[in-house]
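A quick write-up on the structure given underneath.
Every chain is numbered from 1 and lettered A, B, ... according to where its sequence line falls, protein lines coming before strand lines.
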Protein chains: 4
Amino acid sequence: MRARTFTESGRRAQIVRAAIVVIAEAGYAKASFSRIAKQAGLSSTGMISYHFAGKDDLLAACVTEIEEITGAFMQPRIDAAVGHVAQLRAYVESNVDLVGEHPTEVRALIDLVKNAGSRSESVYGRLALFEEHFRTGQAAGAFGPLDARTTALAFTAGLDAVVATAAAAGTGPAELTRIGRELADLYVRATAPETTGEPE
Amino acid sequence: MRARTFTESGRRAQIVRAAIVVIAEAGYAKASFSRIAKQAGLSSTGMISYHFAGKDDLLAACVTEIEEITGAFMQPRIDAAVGHVAQLRAYVESNVDLVGEHPTEVRALIDLVKNAGSRSESVYGRLALFEEHFRTGQAAGAFGPLDARTTALAFTAGLDAVVATAAAAGTGPAELTRIGRELADLYVRATAPETTGEPE
Amino acid sequence: MRARTFTESGRRAQIVRAAIVVIAEAGYAKASFSRIAKQAGLSSTGMISYHFAGKDDLLAACVTEIEEITGAFMQPRIDAAVGHVAQLRAYVESNVDLVGEHPTEVRALIDLVKNAGSRSESVYGRLALFEEHFRTGQAAGAFGPLDARTTALAFTAGLDAVVATAAAAGTGPAELTRIGRELADLYVRATAPETTGEPE
Amino acid sequence: MRARTFTESGRRAQIVRAAIVVIAEAGYAKASFSRIAKQAGLSSTGMISYHFAGKDDLLAACVTEIEEITGAFMQPRIDAAVGHVAQLRAYVESNVDLVGEHPTEVRALIDLVKNAGSRSESVYGRLALFEEHFRTGQAAGAFGPLDARTTALAFTAGLDAVVATAAAAGTGPAELTRIGRELADLYVRATAPETTGEPE
DNA sequence: GATGAATGAGGGTTCATTCAT
DNA sequence: GATGAATGAACCCTCATTCAT
């Protein structure tokens with residue numbers, strides 16, 4: 001007997017799944033309740049309003065659902081990495097590889113994040129995570145004299161763009177791995193300490 | 001009697017100005033003809049349809065107008081720079097400084113670019129420009145072993161994010177200059193050739 | 001639980017009825033959703049769009065509804081007639097008599113057919129029916145040396161005009177019967193075989 | 001020095017010509033001032049409102065213009081015919097032949113007549129002409145025991161339908177002549193006196 | 001006389017949400 | 001709980017007409 005997450009309970013999960021598919025395929029702007037209801041096989045949009053407090057609530061549920069899925073894929077690889085540099089690399093590479101595993105979710109999440117509005121907690125969360133990572137890594141000597149906030153901002157946005165482009169293009173696994181490595185290389189070079197001899 | 005530019009004829013320019021303000025303040029999604037007409041002091045939306053072939057036409061005019069303004073600010077500084085690295089730095093720094101001069105236009109352009117659709121010529125144009133710059137710079141020995149496409153994608157997106165955040169926060173000129181330099185430093189470090197001694 | 005026909009579900013039927021009345025009274029060109037909604041006692045046009053896929057869908061439903069009504073009146077009389085000539089006469093006379101029973105529907109149908117567009121199936125259907133009737137009747141010796149296509153075209157149009165005029169004038173039943181007989185006489189004379197002695 | 005007709009004076013004629021073309025090609029419903037102005041090479045619809053009292057005025061001018069053209073083609077052939085029957089035949093045949101000479105005008109006129117409204121003088125004029133023709137012809141023994149009003153109604157409508165179909169199909173001259181003869185035959189047979197030996 | 005910018009009502013349609021059943 | 005009909009505002013756009021220049 002385990003806890004029921006909020007996307008369980010059948011109907012809610014069904015609607016969230018449908019919404020994710022619609023956002024990925026038709027885009028955020030076209031993701032109306034009508035379209036989502038049709039995708040979910042529901043006869044009316046009232047069903048959605050019944051299960052969710054409003055559109056924001058549904059979209060927030062989508063974000064949470066997608067983050068669970070992406071987290072399950074990325075987190076183990078990030079956790080397996082040792083040191084600030086390796087973790088940065090693991091985050092970037094696993095995020096790009098993710099496109100091959102969950103293209104629909106990735107596409108939807110990118111659209112959701114672009115049109116963030118009030119659901120931006122997760123965006124700021126990741127941004128804060130990166131910023132903190134650069135700051136502590138800098139203190140540990142892993143990173144050079146960078147501005148943590150600016151770097152976090154530029155890197156997360158750059159990563160999103162690469163991922164979004166790959167998702168839209170339907171890039172294959174091998175090429176994704178190559179692109180991920182290239183991007184990670186770029187970020188590692190950009191943040192490398194000036195002196196040789198990395199302490200970590 | 002001279003040729004009429006697209007934003008001339010008074011009303012057209014007035015509407016484009018209003019549209020830019022609305023997009024900057026209310027966001028792309030909320031930029032309806034009603035809102036734009038109200039901002040422009042027009043009594044009806046019919047006026048907008050009278051001067052523009054459709055919403056796409058108006059938005060394209062906004063993009064063109066903004067690009068003229070931003071180009072007038074950035075281009076001289078980019079042209080004054082010598083060498084691939086200096087030009088990259090000039091582009092980044094002048095783009096961030098631009099926020100202090102034209103915050104509304106910058107905010108609007110970023111929103112317009114995000115919801116590009118068919119008006120994406122300018123987006124792809126800049127992307128292609130960056131990619132080509134990295135490729136030729138690489139051949140000239142100014143840049144290291146980077147993947148031109150991935151780097152162009154990540155850097156333009158990162159730059160946009162930094163600019164957008166600064167624009168939204170109302171960052172002051174001095175801080176903008178500092179952030180611009182930090183970001184340029186980051187990009188220069190990321191793309192530096194491995195060996196010492198830059199040919200250019 | 002039985003299948004739902006297209007005009008069932010109350011509201012749909014109500015809207016179709018209102019649309020027929022509006023078309024009959026104000027004409028096809030003026031039959032806007034606003035007018036129809038007002039006629040139906042609805043507070044907004046959105047209700048119509050909710051029940052019909054679009055204006056074409058509503059108009060098609062009107063045509064179908066009217067054809068059911070007219071068919072129920074005319075078909076028994078046509079079926080009761082024996083021989084090509086008698087059937088032609090029955091069609092014409094019952095169609096003119098129909099004006100007395102369902103003037104609104106007749107007026108609406110004629111306007112709908114005039115502005116057919118894509119809903120012209122019923123028009124072409126009747127035309128083809130007439131043409132085929134003349135062709136087979138000719139082979140059976142019931143009709144003379146006529147051009148089936150031209151005759152079908154001229155007769156259906158002539159019948160419509162007579163019906164439309166009678167409907168507009170509010171002609172009474174007795175006069176309708178007389179006019180119908182006159183028109184049928186005209187058509188029968190026009191198509192009579194040259195030789196005496198009708199085989200059928 | 002001759003009298004100036006109302007469609008002369010250059011601009012008026014130009015607009016009427018454009019309107020006729022638009023009605024013929026795009027249909028009555030799509031014949032807006034914008035479309036007509038564009039067809040006429042005018043930069044604004046104001047020009048049309050300046051020269052015509054309103055849309056009805058313009059459309060009436062179109063009808064008059066077209067009737068002048070069609071009259072010039074048909075009238076000589078009708079006048080050349082001797083006797084009621086021959087004149088009926090001449091009217092029908094020359095009207096169908098007219099499609100080959102002035103397809104645009106014919107198409108436009110048919111659309112104008114269908115959506116007659118207040119411009120129906122010409123329609124009623126022709127109808128009255130036919131009715132009178134049948135009545136006098138009947139008195140002269142040229143026609144049989146027909147109802148003049150019903151026959152006039154059915155025949156003019158039938159003729160219009162044949163003409164409209166031929167115009168829409170782009171039927172060639174030879175086929176037009178054949179169809180015209182078939183239709184005239186039909187009408188002549190329908191109206192023939194019962195006894196043999198025509199007095200006229 | 002001629003122009004074209006401006007008007008404002010109305011077009012069909014989509015939308016998120018509500019509520020009686 | 002679950003449903004789907006109903007709502008009414010807002011969307012972009014087209015229209016015939018007017019009026020200052």
task: Please state how far atom CD in D:Gln14 lies from atom C1' in E:dA2, giving the value in whole angstrom units.
output: 13 Å
query: D:Phe33 has an atom CZ; how far is it from atom C1' of F:dT18, in whole Å?
result: 12 Å
field: Closest-nucleotide 5' rank along DNA chain E - winner of A:Ser49 and B:Ser44
entry: B:Ser44
- prompt: Are any of C:Ser34's side-chain N or O atoms less than 4.0 Å away from OP1 or OP2 of E:dG11?
  reply: yes
message: Please report the distance, rounded to the nearest Å, between CG in B:Leu42 and P in E:dA6.
response: 8 Å
task: Identify, between B:Arg35 and D:Met47, the residue whose nearest nucleotide on DNA chain F lies closer to the 5' end.
output: B:Arg35
Expected output: side-chain D:Arg12 to main-chain D:His51 donor-acceptor under 3.5 Å: yes
query: Within the structure, does a side-chain N or O atom of D:Arg11 lie under 4.0 Å from either OP1 or OP2 of E:dT3?
result: yes
query: Below 4.0 angstrom from OP1 or OP2 of E:dA6, is there any side-chain N or O of B:His51?
result: yes
- prompt: Which base, if any, makes a Watson-Crick or G-U wobble pair with F:dA20, both distances under 3.5 Å?
  reply: E:dT3
message: Closest approach to the side chain of D:Ser32, judged atom by atom: which nucleotide of F:dA5, E:dA16, F:dC15 is it?
response: F:dC15
field: Any N/O donor-acceptor pair, B:Thr45 side-chain to F:dC13 base, under 3.5 Å
entry: yes
message: Can you identify which nucleotide, out of F:dA6, E:dT3, F:dA2, has its nearest atom closest to the D:Tyr50 side chain?
response: E:dT3
- prompt: Separation of D:Ile15 atom CD1 from E:dT3 atom P, in whole Å?
  reply: 9 Å
query: Between the side chains of C:Arg11 and C:Gln14, does any donor sit under 3.5 Å from an acceptor?
result: yes
query: F:dG8 P sits how many Å from C:Lys38 NZ, rounded?
result: 16 Å
query: CD1 of D:Ile20 to CD1 of D:Ile69: how many Å apart, nearest 0.5 Å?
result: 6.0 Å
- prompt: Going from CD on B:Glu67 to CG on B:Leu112, what distance comes out if it is rounded to the nearest 0.5 angstrom?
  reply: 9.5 Å
- prompt: Hey, is the side chain of A:Ser43 pairing donor to acceptor with the base of F:dT3 inside 3.5 Å?
  reply: no
- request: Using whole Å, report how far OH of A:Tyr28 lies from C1' of E:dC15.
  value: 13 Å
- request: Nearest whole angstrom, please: distance from the C1' of F:dC15 to the CD1 of B:Ile48.
  value: 17 Å
message: Rounding to an integer number of Å, can you tell me how far A:Ile36 CD1 sits from E:dT14 P?
response: 16 Å
task: Would you name the heavy atoms of B:Asp160 and B:Arg126 that are closest together and state the gap between them?
output: OD2-NH2, 2.7 Å
